[in-house]
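In what follows, a single structure is set out as structure tokens and then discussed.
Numbers here simply count residues along the sequence, with the first being 1.
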Amino acid sequence: METTPLLRARGLDMHFPITGGLLKREVGRVQAVTGVDLALHPGEVLGVVGESGCGKTTLARVLAGLYTPTRGQVLVNGRDVQGLSAGERKQMARQVQMVFQDPFASLNPRHRVGRILNLPFDVHGLPGGAERERRIAELMQLVGLDEQQLQRYPHEFSGGQRQRIGIARALALQPQVVVLDEPLSALDMSIQSQVLNLLVTLQEQLRLSYVFVSHDLTVVQYLCDTVAVMYLGRIVETAPAAELFARPQHPYTQSLLAAAPAIDPRRRRTQAPLQGDVPSPSKPPPGCAFHTRCPRVEARCRSEVPVLRPVAGPQPGHRAACHLI
């Protein structure tokens with residue numbers, strides 16, 4: 001019997017108004033996320049990939065409760081977050097925490113690390129004293145930092161150390177789910193592997209589930225159990241990671257994988273790189289949003305929006321939104 005997802009999105013939209021004129025009336029909308037359905041199960045790492053501007057970060061912030069969706073539901077342990085009272089929503093927020101892309105901008109430069117790690121406990125009204133001090137010292141140890149460093153300010157740390165502090169803050173309330181928004185992209189290559197190994201160790205040790213947003217397909221293939229591919233705010237393909245990398249079905253997914261750097265120089269590119277830019281999310285094209293760049297476009301693609309549907313294959317759970325599949 002399938003377990004209830006820890007985190008689920010149903011028909012999720014996140015649109016931002018565009019205002020203009022003296023009266024600041026709404027003259028349009030940026031459709032950052034449209035019609036997203038996702039599920040994260042216990043112990044799973046769900047990867048979300050796509051080009052810059054495809055809506056990955058917006059989706060991450062909606063899932064973490066930082067944005068209220070325009071339409072649709074975010075369910076945590078089967079409960080719709082929007083239907084809860086303020087107190088219940090605050091309690092639910094402890095179950096889903098977030099690590100941000102920029103490890104410096106996400107930390108208050110005026111606060112010492114000790115104050116930064118105390119803040120989640122203060123916001124949620126948790127007891128202080130010796131027990132809290134013990135927990136904060138434990139958090140520092142978990143992420144590979146020294147308790148003596150609690151008196152330092154963020155600017156006294158390297159980028160990798162600051163990201164470790166951000167991870168410690170996310171773990172302070174003992175969440176079930178951690179949403180990781182490009183947690184490695186702002187770090188040097190040598191540091192990325194250290195932080196990645198830390199994330200793997202923490203997941204195993206604390207039995208965490210991750211939503212891992214990234215543009216690095218190599219890391220996604222290594223870390224993630226399931227992958228969702230986004231294009232212009234929509235999920236165009238989702239599958240178990242091994243299946244997606246072995247048998248990509250959507251033309252956009254195929255183009256992403258073909259464009260990824262290959263370590264083996266004997267590997268030849270079998271597909272031409274994508275042409276053109278991602279359309280504006282304030283004026284998405286009709287039909288399939290990818291039709292303006294798709295090498296296989298047909299007349300139907302320009303007028304009908306494809307829906308995610310199962311793809312025949314050796315592994316269940318592979319779905320793609322393409323009329324040609």
>> Test side-chain contact (heavy atoms from CB on, under 4.5 Å) on L308 and D37; report intermediate values, then the result.
In response: CA-CA 9 Å; L308 276 173; D37 292 300; 5.7 Å; no

> What's the verdict on side-chain contact (heavy atoms from CB on, under 4.5 Å) for V33 and V62, showing C-alpha distance, side-chain angles and the deciding distance?
Replying inline: CA-CA 9 Å; V33 174; V62 174; 5.6 Å; no

> Should E44 and T226 be marked as a side chain to side chain donor-acceptor pair (under 3.5 Å) after you check the CA-CA gap, both sets of side-chain angles, and the distance that decides it?
Replying inline: CA-CA 8 Å; E44 184 181 32; T226 306; 2.6 Å; yes

>> Before you tell me yes or no, could you show the steps for I167 and L139 under side-chain contact (heavy atoms from CB on, under 4.5 Å), namely the whole-Å CA-CA distance, both residues' side-chain angles and the distance that decides it to 0.1 Å?
In response: CA-CA 9 Å; I167 293 170; L139 287 170; over 6 Å; no

>> Please determine whether side-chain contact (heavy atoms from CB on, under 4.5 Å) holds for the pair K90 and L84, giving the CA-CA distance in whole Å, both sets of side-chain angles, and the decisive distance to 0.1 Å.
In response: CA-CA 9 Å; K90 188 174 182 180; L84 302 177; over 6 Å; no

>> For a side chain to side chain donor-acceptor pair (under 3.5 Å) check, start with the C-alpha distance between E237 and T253, then their side-chain angles and the critical distance, and finish with the verdict.
In response: CA-CA 7 Å; E237 187 166 4; T253 308; 2.7 Å; yes

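Residues satisfying the ring pair (Phe, Tyr, Trp, His ring centres under 6.0 Å) test with F16, not counting sequence neighbours, are Y67. When the salt bridge (charged side-chain N to carboxylate O under 4.0 Å, His left out) test is applied to R319, no partner is found at least two apart in sequence or on another chain. Under the rule for a salt bridge (charged side-chain N to carboxylate O under 4.0 Å, His left out), E298 has no partner lying at least two apart in sequence or in another chain. Applying the ring pair (Phe, Tyr, Trp, His ring centres under 6.0 Å) rule to F100 yields no partners; only residues at least two apart in sequence or on another chain are considered. Partners of T292 according to the side-chain hydrogen bond (donor to acceptor under 3.5 Å, both in side chains) rule, which considers only residues two or more places apart in sequence or in another chain, do not exist here. When the salt bridge (charged side-chain N to carboxylate O under 4.0 Å, His left out) test is applied to R247, the partners found at least two apart in sequence or on another chain are E243. In this view, N77 and L6, Q176 satisfy the side-chain contact (heavy atoms from CB on, under 4.5 Å) rule, not counting sequence neighbours. Remark: E51 engages R293 in a salt bridge (charged side-chain N to carboxylate O under 4.0 Å, His left out) (not counting sequence neighbours).
Using a distance-only test at 3.5 Å, with no hydrogens or angles considered, a donor-acceptor pair links the side chain of R89 to the main chain of Q82. Without hydrogens or angle criteria, T238 side chain to V227 main chain gives a donor-acceptor distance under 3.5 Å. Looking at K56, its side chain never comes within 3.5 Å of a backbone N or O of M230 through a donor-acceptor pair. Side-chain N or O atoms of E26 include none that pairs as donor or acceptor with a backbone N or O of P17 at under 3.5 Å. In this structure, R61 contributes its side chain and L66 its backbone to no donor-acceptor pair below 3.5 Å. Side-chain atoms of Q95 do not come within 3.5 Å of backbone N or O of V177 as any donor-acceptor pair. With hydrogens and angles ignored, the 3.5 Å screen pairs no side-chain donor or acceptor of E204 with any backbone N or O of T201. Put simply, the side chain of E304 never gets that close to the backbone of C301: no donor and acceptor are under 3.5 Å apart.
Atoms CG and OG, on L7 and S209 in that order, are 9.0 Å from each other to the nearest 0.5 Å. Annotation: the span from L12 atom CG to T70 atom OG1 amounts to 8.5 Å, rounded to 0.5 Å. Between Q161 atom CD and Q163 atom CD the span is 12.0 Å, to the nearest 0.5 Å. For the atom pair CD of Q221 and CG of L257, the computed distance is 8.5 Å after rounding to the nearest 0.5 Å. Taking CD1 of I235 as the reference point, atom CG of L38 lies at 4.5 Å (rounded to 0.5 Å). Interatomic distance, M189 CE to I191 CD1, rounded to the nearest 0.5 Å: 11.5 Å.
Around atom CZ of R309, more than 12 heavy atoms belonging to other residues, nucleotides or ligands sit under 6.0 Å away. Atom CD of E138 sits in a crowded spot, with more than 12 heavy atoms from other residues, nucleotides or ligands closer than 6.0 Å.
The two atoms that bring V74 and L63 nearest to each other are CG1-O, 4.2 Å, heavy atoms only. The two residues P127 and R132 have their closest heavy-atom pair at O-NE, 3.3 Å. Taking every heavy atom of both residues into account, V213 and A60 meet most closely at CG2-CB, 4.0 Å. Looking at every heavy atom in both residues, R164 comes nearest to V143 through NH1-O, 2.7 Å. A170 and V178 get closest at one heavy-atom pair: CB-CG1, 4.5 Å. Taking both residues in full, the closest heavy atoms of P285 and H291 are given as CB-CE1, 3.7 Å, listed atom of the first, atom of the second, then distance.
Residues R10 and V36 form no side-chain contact, since every pair of their non-hydrogen atoms from C-beta on lies 4.5 Å or further apart. Residues C224 and L46 fail the side-chain proximity criterion, which asks for heavy atoms closer than 4.5 Å. Two residues are said to be in side-chain contact when any heavy atoms from C-beta on lie closer than 4.5 Å; C322 and P251 meet this criterion. Counting only heavy atoms from C-beta outward, the side chains of R94 and P175 never approach each other to under 4.5 Å. A 4.5 Å side-chain heavy-atom check between L199 and L180 finds at least one atom pair inside the cut-off. Between D188 and S158 the shortest side-chain heavy-atom distance does not fall below 4.5 Å. When side chains are defined from C-beta on, Q141 does not count as touching E147, because their heavy atoms never get closer than 4.5 Å. Residues L223 and V200 meet the side-chain proximity criterion, which asks for heavy atoms closer than 4.5 Å.
For the pair R8 and D80, the salt-bridge criterion is not met [side-chain N within less than 4.0 Å of a carboxylate O]. At a threshold of 4.0 Å, the pair R135-E131 does not count as salt-bridged, since none of the basic side-chain nitrogens sits closer than that to a carboxylate oxygen.
Cluster partners of V311, using a side-chain heavy-atom cutoff of under 4.5 Å among ILVMFWY residues and allowing indirect links, are I325.
Residues H15 and T34 have side chains that bring a donor and an acceptor to within less than 3.5 angstrom of each other. For S85 and E88, the side-chain atoms include at least one donor-acceptor pair closer than 3.5 Å. Defined by atom type and a distance below 3.5 Å, a donor-acceptor pair is missing between the side-chain atoms of D181 and Q101.
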Result block: side-chain N/O donor-acceptor pairs under 3.5 angstrom for residues 106-113, not counting sequence neighbours:
{"unit_1": "S106", "atom_1": "OG", "unit_2": "D102", "atom_2": "O", "d": "3.0"}
{"unit_1": "N108", "atom_1": "OD1", "unit_2": "R110", "atom_2": "N", "d": "2.9"}
{"unit_1": "R112", "atom_1": "NH1", "unit_2": "Q151", "atom_2": "O", "d": "2.6"}

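Pairs engaging residues 191-216 under the ring pair (Phe, Tyr, Trp, His ring centres under 6.0 Å) rule: none recorded [sequence neighbours left out]. Listed by first then second residue, pairs satisfying ring pair (Phe, Tyr, Trp, His ring centres under 6.0 Å) with a partner in residues 217-254 read Y231-Y252, Y231-F290, H250-F290, Y252-F290, not counting sequence neighbours.
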